[in-house]
Structures are given as C-alpha cells and as structure tokens.
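Here the structure comes first, spelled out in structure tokens, and everything after it is commentary.
Each chain gets a letter, A, B and so on, in the order its sequence line appears, and its residues count up from 1.
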Amino acid sequence: MDLKRRLSLLRTQSGHADGAPHASSPPQASFKARIEQLTRPESTRTGRAACDRDLELAQRLNGRLLAAGLIEVDAVFPLAHAHGHRPLARILDAPLGTLAAGGPFDPEGLLLVDTETTGLAGGTGTLPFLLGLGRIERQELRVRQLFLTRFGGEGALLTRALEWFQAARTLVSFNGKCFDLPLLATRYQLHRMRPPFQPLGHLDLLHPTRRLFSKAWPDCRLRTAEERFLGFTRTDDLPGHLVPVAWSAFLRTGVPQSIPAVLEHNRWDIVSLAALAAELAHLYGGATHPDADLVAVARQKIASGRLREAEEHLDAQGGRLTTQAWEVLANEYRRQGEHVQAMAIWERLAAHGSNAAMEHLAKYHEHVRKDYARALDYTRALIEQAPGEARHCRRQARLIAKGRRAGLPPK
Amino acid sequence: MAHATPRAFADESARGPDDADAFDKGQDVGRLIERIRSKYAQRITGELVIPPRPGQFARFPAGLDPRLDHALRARGIHQLYSHQRQAWDAIMDGQSVVIVTPTASGKTLCYNLPVLHQALTTQAKALYLFPTKALAQDQVAEILELNQAGSLGVRAYTFDGDTPGDARKAVRTHGDIVVTNPDMLHQGILPHHTKWAQFFENLKYVVIDEMHTYRGVFGSHMANVLRRLNRICRFYGSAPVFVFSSATIANPGELAHALLGDAVTPILESGAPQGKKHLLLWNPPVINADLGIRASSRSQVTRLARFALKSGLKTIVFANSRLMVEVLTKYMKDVFDHDPRRPARVSAYRGGYLPTERRTTEKSLREGRIDCVIATSALELGVDIGSLDVCLLNGYPGTIAGTWQRLGRAGRRHRAALGVLVASSDPLDQFIVRNPSFFLGASPEHARISPDQLLILMDHVRCAAFELPFQDGERFGGEPLGDMLGYLEEEGVVHHEGAHWHWMADSYPANTVSLRSIAEGNFVVIDTTDGKKEVIAEVDYSSAAMTIYEGAIYMVQAQPWQVERLDWEGRKAFVTRTQADYYTDAIDYTKLKILDEFEHSGEPTTSCARGEVHLVRRIAGYKKIRYYTHENVGYGQISLPDQEMHTSAVWWRVMPAALDSAFANRWSALDGFLGAAYAMHSVACLLSMSERHDIGRAVGDSQAGWFATVAPDGRGSPASSTGVALDELMQRDQFSATLFLYDNYPGGVGLSDQLYELRDEIVEQAHVLVSRCECREGCPACIGPILAGEQQRGFSPKAAALKVLSLLRPPHDA
C-alpha cells in the first residue's frame, strides 16, 4: 500500500471526521480543490509564464511588477476627498495627541498599516500576502499596497516596505498591536531581517474605538465604525473571511478572479484608518457623537495623568451627565495636591447638590484651610441632607470645639 | 532529627556522614521488620535487602566558575558524586548524555552544574522539559536557591499555561534557563519561534528529565517534538547538547537514542551513598478462597502504617488515586489526630491541592514535624521532603521503574529504611507479589517508542511545515517526506513553490495535535448532574467505544459516573453522578484477519508470529460487575458502529491435532484460550510498560472465520462471522485456535515488535501467574472473572488455561 492510502485509511480509523482525500472516496469538501488541481494551467508552474501572468495582473491592478512575485500598487486620495461624512483633511487639524500618550503626532509622520493574511491563527505559519500602507504627503493621502503573487516575493516585499517604515514616526492600525505588527515582525525574523518597528510609536485605533462605542454598538469592528461613525458604506466589498480563500485559490489556479476585490478591500481599510484616526481625535478633543461614551474618555485621560485635558474635555460636554467623571477628576487633583482645581470642581458639584462634594469641601476647609466656619457651613448642610449620619455629627461637634478654641463666635 | 536540611540541593549532594542517629533508626526499622515478620510471615511473599553503599566522590572540575564554586560551598557541597563529575565531563565535551541513577542521588546537579557554568561564562541558554507543570516549578525553585546562595544572577523562569501574558516577553528575552513541558513547547513555543529567536540562537542545552515517561504514544510524539526543536535550532544556527535523565528502565540508552535520533552517552553508575534498604512484598490474606478474594490492600496499609508510627518511624504512604489518598488519610487521622488541640501528625499530599498547601506539607516533612504523609505520585519525583524511614505502597504503581522511584523516597543517605509493596487484587499486583524474583531482579521493563508511526509523524510534519517551510530534499523522520508533503498539498494545507513547501491553511495545527493521544477526535465527558454542564474528562477516540457507551460506569478519580447519553458524531458523553456499587466492562467481539506475516517462529505443533492485521470490533453489550466480589450483576446492550482498524499483532497458534489431543472437546479448549489470553494480556502490559488499553487481545482462527469472546454465561463461545453454524464449526477438521495480542492504536505504535521479542517470556510468566494463583478454578487475578458455579459443572477454566499455556510454551522450557 502506498503512503497516501495508508494515511487515509489510518486517519479514518482513528476518528478524523474529515478523512483525507484518496482515490476511492474523495470527500466533498476538497472536491472543488481537486478539480482545480487537475485543471490548473501549466503556466503557473514555470517561471517565465508566471512572470507573464504577474505582469498582466499588475497591469490590471494599475500597479507594477516590482520584483519576481511582488506587485506594487500606489493610489492617491486628495485630502479634500470625503470618506463618509467628512473630508480626510480633518486629520490635519485633529488633536491626535489626545488619543494616546507619546504625542503630539505630526500627521505627516503617521504610517497607516493593514495586512491581509492567509489566516487569523497567528504564529509562523500565517503569511501577510498583502501589506497596505498609507501616509499623508502634502495635501494627499498616498496608499501603497504590496501584493504577493507567490511566496517567493516576500523578501522583496519586506525590503520594499522598509523605506516607508523607516521614514515614519507613528504607526496607525486597527488591532495592529495584537495582530498585524507581531505578524510582520515574525516575517522579518524569518527572513533574518530586523523588524523596523522598534523606534516607532503606535496608535492602535481599536482601543479608543472600544472605549467610546462598546456600550452603544454590538461590536467594534472597523466595518461597524465606518458605517455608524464615519458614515461610509462599502458596496460590493469582499467579506474579510473570504480574503484568505481568494488568495489561495489564486495561488492554486493562477486565476486572479477575486484579487482586485481583495486589494480594494484593503485600500478602503487604509483610507478608513486615516478618517477614523481624525474623527476619534476630534471626539477626544471635545467633539460629540450620539453613540460616544465621552465620560469614558475623560476617565482614561485622568488615568493617564492628563488632568487638564480631561477637564477641558468634560467642560466641552456642557450639560451632559458627567458628575461621576468630575468627581474622579477632582479626587485625582486632590491626590496630586492641586487643591485649587479640586475645590473649583467640588464647589460646582456642591452647588448641584452633591453630598460627596460637600463632604470633601468640609474636610478641605477643616484640615487644609483651617476655615472652621466654612467647614461648619458645609457640615450643617450635609446634616440637613442626611440627618443622623454619625460622622457628620461628630465633625460638627469637633468643628464647634475647634472654632471655640480659635475664638470664633458660636453660631 | 539531627539535620533538617533546607532543600534538596544540600540534601542530595555529597556530604560527610552526618546522621548521628542513623544507627538507632536502623535498629528501629529492624525491630519493626522483626515484629511484622513474626506476626505476618504468610503475607510476606518476597524480601530483599539492599546493603548500604558508600559514596563515590570526585573533586569539583578544574575551571568551574568561581561564583558557582562559592555557591556550592555555601550550600554545604564540597565535592561531587562520581556520576555528577562523569556527567560534567561528557556534557562539557559536547556529548548528549542520559543519566540513570536512583532517586535522591543528586541527579539534578548533573545538569544544573554545566548549565549554570555556561550561563555564567558564555551566556548560554538552556531549555528544561519536565512532563508536568508542578515538577517544572520545583525545579526553578531549586535553581533559584543555588542562585541566591552564590548571587549568581542567572535567570530561571517557568513558561507554561500559567505564565501571565505580560511576563512572557520577559521570559523569552531574559531567561537563561526556561523550564517548561513538552505540550507547551509543542503548542506555545515552536509555532512562535520567531519571538524566541534570541533564545534559540544561544540555546546550548536541552534537559529532558523523567525520560522514562516518554514511552508509547507520548514518547513517539515527544521524539517528533524534538525533531521539530532541532529543526528550529538549525534555523537559528544552534546545535544544543541534550541531557536526559531517567528512572531505572532496561533500555535507557536505546530510548534516549530513539527520542533524539542521535548518539547519547549513558551514565549508569551512581556515586551517591545509600543506606541499607529492606524491601517486603506483601499480599493481603485470602478471605474467600472459592472466588480468590483477598482482604483489601487499604486495610493492610493502614495496619502497617500504624505499626510504623507507633515505632516512631517517619512514614510515607503512596496510593494510586486521589480518592484513596483521602480515604487512607482519614483512617490514619482517626487514629493519630483525634485530639484537635495537638499539632497534626498525619497529612495528605496530592495533585489538586493548592501549591501553598503543598509547600507547607513539604516544609513540615523536611522539618520532621509530620510523622506520616499519604500521597499520590505527585510526591514521587523531585520534590524534597527530607528523610523518611518507611515507604508503603498501596497497590502496584504500574511499572517497576515507578515502584523504585516511590520506594526511593524512604531511606535517603545513610539511613536504613523499609519499603513495603502491598498488592491489591488487580492481576498485575498479584503477579508482582507472587513472582518476587521478577520484581527484585534486574529491571526487565523496556520503554519503546515508534516515532515514525504514520499518523503521529504526519501530525508533526504538519506542525513543522507551519513552523518553517520544508525544502526539497529535507528529511523528517523515516518516511519519505516528499510523499507526505504531497499528501498535504492535496489537502490544500501546503503549497509547493520553487524548492519550498509553504504552509497556506488558515489553521494552527499544533492545537489539534495532542501529545498524549493519536487521534484528534477525542470525546469529552460532560457532567450534567443537577443541571450542570461541566467537562470532567477527555477520552481518546480509540477507547471511547469501550469506556463511555450508554450505561457505562465511568470513573474519574475513583468516583463513579454513569453515562446517560453518548453523542457519537458530536464526540460527547453526558454523565451524571451515581452511587453504583458495580463497574461495567464492555463485551466486545473482535474479529481479526491476518493480512501479512512479518516474522515467524515455532515448532510444528505450536507457533508464534508477528504481522499486520485487520480488525473489526463490535461492542455488543456490557457486564455489570460488583466491586470486591466481582460477580456479574447484570447486562446491558450497546449499539455503536463497528470499529475497523489496521494494526500489528503477535499471535500464537496451536495446530489442530495437538489441540484435539490435549482437550476432550473444543469448547473447553476455547475456554482455555480465553483464560490464557487474559493472563498473557496482563503479563504483556507489565513487560512492555503499557497501560491495559494499549494492548488488545482476541481469540479466533487466523482467517477471521470465527472469533471468541467471554459470553454472558461466562463460557467461551465462538461467534461465526461467515454464517457457518457454530456446531459445524466446532466439528470441522481444522480447528486452529489462535490467540492474538494486538497493538490497540491505528497503525500500531511499535508494541508488537516488543511483544514478539518477549513472546517466550509472556507465555512463561503467564503460566507462572496462573499456576501460582491461590484460587481454585480461576479468578480476576489470573484468568479473569469466572462464575461461581463453574466447578459444579465439573470443569476448571484455570486448568484449561494452564493446558493452553503449556501448549504455547516453547519446547525447551516445557
């Protein structure tokens, strides 16, 4: 028995649901693949013919065959171009530095990155066969796509990409921290090249998107953000899960049927990254959106120590219900010894009837300012609100005593 | 105790004689032995005294890093044992080695020393592989202590499923010694090797401890994981030295060679001193001679433990299940810890306890504050617990290597010690205690692997293709790689381009390959008691049909569950908790057809052969067997699809004439074959270090014309597969009964080679097992359960089995 038959037999006997293909019983799943295998044009096998095929494809994609197995496609979008509701030019004045620490970020130093891969599994066996990059050059968004027509072009792809990576200062991606960039780093390693990302900052837009919209949206995929936030709807888009299928079919058959759609899919991803970065930054900088949870933004700013920014942000929300966020902010100010800022916030909150704020004020006036009279005022107001609260009563008694010792007239 | 040594390191290493009280303790153990010997002479079936042995020492090697020298001296180590020095010399010479020395002989220093030295002097990295997570953690603790003693600054980390995500990067980039397990290497490290680039570039040592656990299926997978590891190392330009260490087995060099696929230098002579050891084999008394039922091993163990504690001896008790640990602990605590105001003298130790709890017990043991610990195999290896005087084994641990490892926990250094192996009623246990020479002689256990088993190999070709593209002309294992890759290309998972085979599927193959089984179609066992939905176990595809049919009693940690529903397609079994006092045993009809005979030996009347067989197994029903008495208390039907399998087997055949002259009728001959098969199956497992389900047995004729099984009435009965009336079949001229032992994995994992080599010993030892059994007509400990009324029918299944075994015996022994 030959190896193939032995294997098939053993696999079936050992409980593999999908017995592998063998002559006597071809399973349904791979039948199509097998037909394609049989009918695959001989041209894909020989170097010369493959080169012709690639040239033809490059032409069809409006790109050029850069090296054996690598097609480069450049596209340009003027910044006046409206992607959804707004023009891309909004990125020029977007406060990108509000999105993450490490800013400010100069729009011209950004590098938008998105890959299309043979799968989502990760590890050394997953290949990014299309690398989409984008950057702002003067008044344009320039998109560069590096597409592999076979495995052999990868070295050229990685080398070619270096130029843009080295010129960039900050990467912009959607879930790139966990997926695209580790994958690219792996590919550089496999080709014994040093990954060029070390010195670069990274704005992963997935995180701010989640922070703002996870409460309002069913999911936080890029597609959802485009539709609900940017106002951009794709037509005839190739669904993401078909992308790996499209490439492997192309590889097996040599017929680039869905390849233009794959490139378009990736190109829109890049353009959306630019638009999304801009719009998110505007939200972080104080703009509003009905779905956006802006308090979460303030909290994040407080957590990362950017209190002034958080305050400006909360100010910009006007009459929205942000009491809790203000309290968090005031506490943070107090912790850092910035009493004036903290007081200002507490006084505003106390005016709106916040007991917690009044208690803070009472403590502040008692212990920091030693202004027992003001402290007593706040404490009495508190007792009115919550009669019988033991600690307020204790404070009242203590303040009266302290006041007496300080020679204040009893009230 | 005169010395409560802080850790294994100091304890296991060369020191001057330091046990001032060794003599006294020796007396105590001696007195205890005298006492039980005079009282229970009949229960002691074998006795062995291992004389004390002085240590063989060697100097520290010249050129040892001074910091390491200092650290060792700070830990009280001023010289090495001879085997530690021997290991150093070989390893520093660039040889891969396998170290086989007894428990507590300072094995870990054999590899820690060169590894630490090279980490200090050349920034070399090392990878340690332990079969379990717990062992890995102990190992790191030990290195860290030496590290601290000498302020060495060597960074040792564990890397396993419990390592938090943010710590992983630090381990990868800063770890000098990374301690992990084979599963993690297979699923977590190799498929992400680029993240470990720095580590692999500087990888100089791979340490594989507990090598004897890598046998059978697990070992065959392990050999392939090592093939992948070496392939990745070549990519990063490194060629590490491998250091294996193992408990005593018959073929350590051969196993290491098979695992590595390269030459390995064996180091077999221990230089560690050893106190006098006294070993007793103990068989509980028979309480029902008709059915061959004995008193429980548990009752015997508690009795012995009580004696030991009352004589002031520190005692460790090993049990084979967690439940048994708890039961024994309760019995012992009832006696010794009934006063809650006093500190506990008895403690349990098993997997499932929190690490802190276990550390506390270990510490109390080392400091001598606990007098008795009851443990599972979790305490068998590595973990330091100080010196103990008595070791009691409740039941045979399954392998002789494992038995010695457990016995090694008592009597470290110069102290005299007693070990007692108390047999249960299991056939293996009974065989061991009735054949002291077998156990007490040299280790007969051969650990075998079959790295080129086609399914296992294929799984790892897949994983390796994912890790790095294969190149034309590359080799991986013993089968033609090009054919295998061609097969994968047809499946659409790899793509051949230029001279390379690239992975192109959207999958992560390592996740679907379990190192502990062959098939990927594992079943999960789901507990649905009280509306729960909790996975409590996984069952291999190959053993599912025999263990989780509807109605089966399925045991998890000795707790019974009943299978309510089996979803064969969905690979799920739904179970509920039960209180059943019986267990279930599937009745399978196995039909074997010999496809090819590879080798053959024998006389005209009887012969033995090995070859490829085709097997069809139908599981028709099951028996309910009551605990302890082993009576059949009922039957159930099973309807499952037939299972087919190609595998390899060894078979014994008796020619019709010889059979007819030995037996009055063919029915009793058949009974004899079934009984003989039962006994040979037990012995074969023992000799080949296999689990019972690794090997199958069947009786039939060689052409699958008929095959026999134990019928519900307890008698052997042939079932015709060709439609020939049974009576007619039994009347035929050609009644050529054949007894098969087959490798119970699709394609085989190399067990049949081993069984064929052991063919004469299997028959011989099976004969010993049955003939020495004290039952009258047969019992579960020799030829399998029989019916109580058997002798009234004037027939002895035991005599029939012995007759068959005599026929099968090679002539020179007959």
Side-chain angles (χ1 to χ4, degrees), chain A residues 1-18 20-22 26-27 29-30 32-34 36-37 44-45 47 50 69 117-127 129 150-152 154 182-183 185-190 192 195 241 243-245 247-249 251-252, chain B residues 190-195 197 232 235 453-455 457-458 462-463 465-469 479-480 483-484 486-493 495-498 500 502-511 517-523 540-542 544 569 571 615 643-647 745-747:
Chain A
M1 217 185 308
D2 71 348
L3 184 129
K4 211 173 275 185
R5 266 195 64 80
R6 274 163 63 205
L7 260 172
S8 302
L9 212 64
L10 290 178
R11 280 168 60 83
T12 330
Q13 290 167 7
S14 65
H16 285 253
D18 55 338
H22 65 85
S30 64
K32 186 159 167 280
R34 294 180 66 245
E36 285 168 354
Q37 185 90 32
T44 61
R45 291 176 177 270
T117 65
T118 54
L120 299 175
T124 50
T126 304
L127 173 81
F129 61 84
R150 50 201 174 96
F151 288 92
E154 195 184 15
L183 209 54
T186 291
R187 306 316 296 183
Y188 277 106
Q189 286 278 7
L190 284 172
R192 301 179 193 283
H241 69 273
V243 168
V245 182
W247 193 68
S248 70
L251 214 60
R252 272 200 312 271
Chain B
L190 292 176
H192 285 287
H193 61 84
T194 51
K195 293 184 179 161
I232 296 302
F235 178 76
Q453 205 278 348
L454 208 47
L455 291 174
L457 178 61
M458 199 65 202
R462 232 175 253 273
C463 294
F466 179 91
E467 285 152 13
L468 276 181
E479 297 282 349
D483 287 2
M484 289 188 280
Y487 179 86
L488 291 181
E489 187 174 38
E490 265 186 58
E491 267 191 346
V493 299
H495 181 81
H496 192 224
E497 182 189 289
H500 289 92
H502 297 272
W503 184 262
M504 69 175 298
D506 181 8
S507 62
Y508 189 88
N511 278 354
S517 70
I518 279 200
E520 68 178 51
N522 280 0
F523 283 71
D540 274 8
Y541 177 85
S542 53
E569 295 302 317
R571 303 277 193 266
L615 180 149
Q643 292 185 289
E644 288 188 56
M645 180 162 87
H646 276 84
T647 184
Y745 291 99

Options Glu569(B), His192(B), His502(B), ranked by heavy-atom pairs under 4.5 Å with chain A, top entry: His502(B)
Scan Leu190(B), Thr194(B), Ile232(B) and name whichever one has a side chain to side chain contact (heavy atoms under 4.5 Å, CB included) with Thr124(A). Thr194(B)
Salt bridge (charged side-chain N to carboxylate O under 4.0 Å, His left out) against Glu497(B), all qualifying residues, sequence neighbours excluded: none
Rounded to the nearest 0.5 Å, how far does CG of Leu468(B) lie from CG of Leu190(A)? 6.5 Å
Drop me the distance from His495(B)'s NE2 to Thr118(A)'s OG1, to the nearest 0.5 angstrom. 12.0 Å
Excluding sequence neighbours, so at least two apart, what forms side chain to side chain contact (heavy atoms under 4.5 Å, CB included) with Ser248(A)? Arg252(A), Met504(B)
Report the distance from atom NE2 of His500(B) to atom CZ of Phe151(A), rounding to the nearest 0.5 Å. 11.5 Å
So, for Phe466(B) and Gly122(A), which heavy atoms are closest and what is the spacing to 0.1 Å? CZ-O, 3.1 Å
Atom group of Ala510(B) that falls short of 4.5 Å from chain A, counting heavy atoms: neither
dist Trp503(B):CH2 -> Thr126(A):OG1 (nearest 0.5 Å) comes out at 9.5 Å
Contacting region of Arg187(A) [heavy-atom separation from chain B under 4.5 Å]: neither
